[in-house]
There are 2 protein chains.
Amino acid sequence: MSVMSCRCCGIDVHAHVVPEHFPACLGRRMPALWPSTAPAHECHRHVMIADRVYRTVSDKCWSPSRRLADLPAMGLSHQVLSPMPELLSYWFEPADGQQLSRYLNEQIAAMVAEGNGALIGLGTVPLQDTDLAIAELEFVVKTLGFPGVEIGSNVNGLPIGHERFEPFFAACEALGAAVFVHALKPAGMERLVGPAPLQQVLAYPGEVGLAAASVITSNLLVRHPRLRIAFSHGGGTLGLLLPRLQQGWQVFPALKEQLQASPVEQARRLYFDTLVFDTPTLRHLVDTFGADRLMLGTDHPFNFHDRTPVARVEAAGFDAAVVRQLLDGNARRFLALDAATT
Amino acid sequence: MSVMSCRCCGIDVHAHVVPEHFPACLGRRMPALWPSTAPAHECHRHVMIADRVYRTVSDKCWSPSRRLADLPAMGLSHQVLSPMPELLSYWFEPADGQQLSRYLNEQIAAMVAEGNGALIGLGTVPLQDTDLAIAELEFVVKTLGFPGVEIGSNVNGLPIGHERFEPFFAACEALGAAVFVHALKPAGMERLVGPAPLQQVLAYPGEVGLAAASVITSNLLVRHPRLRIAFSHGGGTLGLLLPRLQQGWQVFPALKEQLQASPVEQARRLYFDTLVFDTPTLRHLVDTFGADRLMLGTDHPFNFHDRTPVARVEAAGFDAAVVRQLLDGNARRFLALDAATT
């Protein structure tokens, strides 16, 4: 068990960036939802969207040194940075979305450059326009040297399994770009009873679960077997949808015809983060998806983040080899880290 | 372990009824969605809604003898009958909904009367009108002698945790009526990629999960501690929402203020069926919700039903006492069966 006692070897694939400032929009008119920031209390800024405070965030969102200071206590050696999902900007005109994507990608690249090798970047692309998205993907991978991109679970309401995104995923596979899928503007909001944080708390997991299911029911990994795609929040609700999808695939002829490989087989080609805040749930996801599929995820540095990602894995009773897979082995494979320097 | 080897002692709380025929609507004009049936192949009828075949069902849906013949092979001693959810009729004018509810309740009562004691009824009430719903609830419980009712997970889009349903649940508690919540017209349909059965397969679990979460976030069981309420399909996605809700409740002041008892504590006051088609998932739900919370559920006699509900529980490796709880003890408590004859 001595292999397990590495306190700072984890790779966190789910952590977010908010820039300290945003540029003005270069388009002919300023979109109503274009983000900006405004001063808040010490070390914090308000993210302003449509003249309202969307979220108040700390300087850990933009300062590499402030962020790096948190990693040892969390047991992390590396952290993968991706934009706060609300910044993905699919709802802008394509050129405006491209401008904001490029700005975010360059901000993340600057943070990576200051990260002493501990920070890794995932870019963003304007998926409302497939051609622009592929062009930005190439910039992110070839020019910035990022291992991949973050995308939303839907693009203006279209789930990522929709055929419209086929050329984008083909490009990701061809470039060897990892894709990290994060919940965004979730379905099911009309079913919540309670205050605003329930969007993140209850609607995000269902949204991610249905996004992952759409990848399965559209046979994305059958068509693109080398695509590496990961889902936030432990795949959301997918773990509980999967047995029912497997049974439905065996019972309904229309599903048997639609899916070109069994749902369970397809699910076990996806990656997931460990961000479920619960050890028995983590064990259940490892049983469901496989020990080679899960990677640390924290949502750092937002308030609602997992402060003990490594300790949680170490407490789950996995054998040492599985612990190493979850702490960094699977993330290295997802991000192609060992290949990236060749 | 000898206690476990009872092959026909299970109580199935999740089984559906479709009448062989429907009456004409007594309202001034026929609602477009008013159901009817039409002949299909041998022993089957089409359920027609809006001039289209909604589903083709067998005579097991209305014939007690045909239904009873299936129970021994499934290991069941009793089955609880509730309407096919699409018949719940919340979308009609209240008087029309009341008419159809009354017809369904009387059809179910007739089946129960022919069931040799093996069939138990759950009624339906027109929840689009709280006063009519409470009046029909009283008829169902006091006149028909049913232990409770089935309700949909939402009523014309309003989740059941909405304050509008407070008087109805107060009446259920006062009458000692069990409430079985079934997925209905689910949220998230816009995220599905694939054929029509995905509504049942993928959207139902998310819908049930959010309905159960709305009961928790609205403190229903805190206000009505004697209310017995169960959720179909193993509670849908609730098992994976719950750890995140528990964490969110600890992190977000607005949630801490909203919820009057912890989410986990509230979830463990709810009941769930076992309809998850997977032994590891069943074990995880027992760990999550408690061995005193789950009851057999099959969706019999529809095509997509669990043919081996008892065998699945017996294969899960629970100790004998837990097996008995899942097979019939919890259902007896949920339905107040042992009190019902006094």
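In what follows, chains carry the letters A, B, and so on, assigned in the order in which the sequence lines appear, proteins first and then strands, with residues in each chain numbered from 1.
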**Report entry** Interface moiety of A:V251 toward chain B, non-hydrogen atoms closer than 4.5 Å
**Finding:** side chain
Query raised in the report: Non-hydrogen atoms of chain B under 4.5 Å away: do they reach the side chain of A:F304, the backbone, both or neither?
Result: both
Query raised in the report: Where on B:Q200 is there a heavy atom nearer than 4.5 Å to chain A: the side chain, the backbone, both, or neither?
Result: both
Query - Proximity breakdown for B:Q258 and chain A, heavy-atom pairs closer than 4.5 Å - result: side chain
Could you measure the distance from the [atom1] atom of [X] to the [atom2] atom of [Y]? Nearest 0.5 Å is fine.
X: A:M189; Y: B:L210; atom1: CE; atom2: CG; answer: 10.5 Å
X: A:L198; Y: B:S214; atom1: CG; atom2: OG; answer: 10.5 Å
X: B:H284; Y: A:T288; atom1: NE2; atom2: OG1; answer: 8.0 Å

Report task. Tell me, yes or no, whether the heavy-atom count around B:Q250 atom CD, taken from other residues, nucleotides or ligands under 6.0 Å, exceeds 12. Result -> yes
Query raised in the report: Around atom CD of A:E257, are there more than 12 heavy atoms of other residues, nucleotides or ligands at under 6.0 Å?
Result: no
Query raised in the report: Which of residues 151-159 of chain B get closer than 4.5 angstrom to chain A, counting heavy atoms alone?
Result: B:N154, B:G157, B:P159
Report summary line: Greatest number of non-hydrogen atom pairs under 4.5 angstrom with chain A, of B:L255, B:L242, B:N303, B:D278, falls to B:L255
Query - B:L202 and A:T217: CA distance, side-chain angles, deciding distance, side chain to side chain contact (heavy atoms under 4.5 Å, CB included) verdict - result: CA-CA 10 Å; B:L202 290 177; A:T217 59; 4.2 Å; yes
Query raised in the report: Side-chain contact, heavy-atom cut-off 4.5 Å: A:T281 with B:P243?
Result: yes
Requested in this report: Compare all side-chain heavy atoms of B:P280 with those of A:D287 and state whether any distance is below 4.5 angstrom.
Outcome: no
Requested in this report: Test A:T237 against B:L241 for side chain to side chain contact (heavy atoms under 4.5 Å, CB included), laying out the working first.
Outcome: CA-CA 7 Å; A:T237 57; B:L241 300 180; 3.9 Å; yes
Report summary line: Highest number of heavy-atom pairs under 4.5 Å with chain B among A:G206, A:P186, A:P205 belongs to A:P205
Report task. Quick one: which of A:E207, A:Q246, A:H162 has the most heavy-atom pairs under 4.5 Å with chain B, could you say? Result -> A:E207
Report task. Could you tell me which non-hydrogen atom of A:A254 sits nearest to which non-hydrogen atom of B:P195, and how far apart they are? Result -> O-CG, 3.6 Å
